[in-house]
> 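Quick one: this structure, given as structure tokens, is what I'll be asking you about.
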Amino acid sequence: MDRTEKFMKKMTEIEGISGFERQVADLIRSELKDTCEYEWDNLGSLICKHRGTSDEPRIMMAGHMDEIGFVVQQVTDEGFVKFLPVGGWWPGNILAQKVALSTRKGRVLGVIGSPPIHDMDKEKQATMPKLNELLIDVGQSVGYDVKKKLGIRPGDPITPITEFEIMSNKKMYMAKAWDNRVGVLIMAETMRRLAAMEHPNTAFGVGTVQEEVGLKGAKTAAAVCRPDVAFALDVCTSKDTTSETKGRPEKMGNGVGIMVFDNSLIPNVSLRDFMIDLAERHKIKHFLGILDHGGTDGGRINLSRTGVPSIYIAVASRYIHSHVSLVHRDDFDAAVELMVQAHMALDEKTVSSLRKF
Ligand SMILES: [Zn+2]
């Protein structure tokens with residue numbers, strides 16, 4: 001594994017569901033060390049600041065640190081854990097998957113229980129269970145009192161467990177939480193490179209909190225950064241797995257996505273065209289993408305104060321919002337290169353031209 005792959009492994013294997021992102025913030029700081037100054041908003045978003053050759057313009061680049069997961073609702077009398085979803089889950093994606101519960105007594109291993117076909121009649125086999133019918137098994141057995149032994153409390157976070165692995169196609173990486181640790185990694189790698197460069201602005205690389213439950217940290221972090229221009233870094237869904245989306249450009253290995261439309265943000269037109277020109281000029285592989293459902297931190301930052309020219313920059317990922325998702329190395333590298341070049345080009349004059357309508 002090269003340095004980036006080792007960083008990716010750490011970043012995707014640590015636990016950080018919405019509201020519990022501290023391990024992710026700590027990892028960013030330990031990787032970037034003293035290359036940046038650090039600030040926080042009051043919800044827990046981490047802001048890594050690097051001044052180039054000028055205080056202004058202020059450029060905000062945000063990747064949300066949180067992943068989707070669950071919280072404990074209650075421990076049943078039989079010693080199983082009832083849970084609630086945090087973020088958007090489809091029940092089919094979670095059956096028989098491994099999870100970790102963080103309790104006051106430590107980390108508890110569990111599995112989302114799913115019955116074998118032997119115990120189902122034909123009718124049951126044809127239906128999908130509902131989330132609220134599922135239980136997590138933490139090793140309950142006769143003679144073992146789960147409640148007394150494990151110290152599990154309502155509200156304790158529950159996180160998917162998946163190991164980072166490199167596939168036979170060495171550019172394909174399999175991991176949990178690519179949504180959105182890949183955005184955090186793009187932010188951190190860009191900040192690392194900017195620290196050694198003379199960019200004509202001040203860069204604010206942000207790890208936001210609680211995106212998956214309502215784009216929350218983006219709002220509060222923007223109040224700290226007061227950006228003149230903003231980028232949301234996130235995954236988009238890869239459209240290369242079904243024939244329904246044949247011909248769409250959002251594909252693994254197709255470069256960085258310059259996202260032209262989603263439900264939360266229609267990008268500033270001048271910024272959009274600037275990013276397309278920039279990618280063409282620097283021969284960075286890219287596509288113009290659309291997120292058909294959902295939004296990003298960009299939708300919130302764009303509305304802070306009197307409005308901020310914003311755009312969402314993406315890496316396509318297959319199977320997000322499950323335990324196992326995929327990201328392609330070339331797309332990641334293209335995204336970092338595009339963000340570095342954007343910071344090198346966004347001087348005061350260029351940024352003020354984005355606000356002429
Ligand atoms: Zn996301």
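Everything numeric in this text was worked out from a predicted model, so none of it was measured. Start at 1 and go down the list; that is how both ligands and their atoms are numbered. Computed over heavy atoms, backbone and side chain alike; hydrogens, waters and symmetry mates excluded.
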> Could you check E163, H323, E13, E67 and say which one makes a side-chain hydrogen bond (donor to acceptor under 3.5 Å, both in side chains) with K176?
E67
> Write the atom name of the N, O or S atom in D179 that is nearest the Zn ion (ligand 1).
OD1
> Report whether any nitrogen, oxygen or sulfur of D234 sits less than 2.8 Å from the Zn ion (ligand 1) (N, O or S, backbone or side chain).
yes
> In this structure, which one of K170, E5, M172 forms a side-chain contact (heavy atoms from CB on, under 4.5 Å) with R329?
E5
> In a check of side-chain hydrogen bond (donor to acceptor under 3.5 Å, both in side chains) between H64 and each of T296, D234, T208, which one passes?
D234
> Centre-to-centre under 6.0 Å for Y319 and W178, is that the case here?
no
> N/O/S of E212 less than 2.8 Å from the Zn ion (ligand 1)?
no
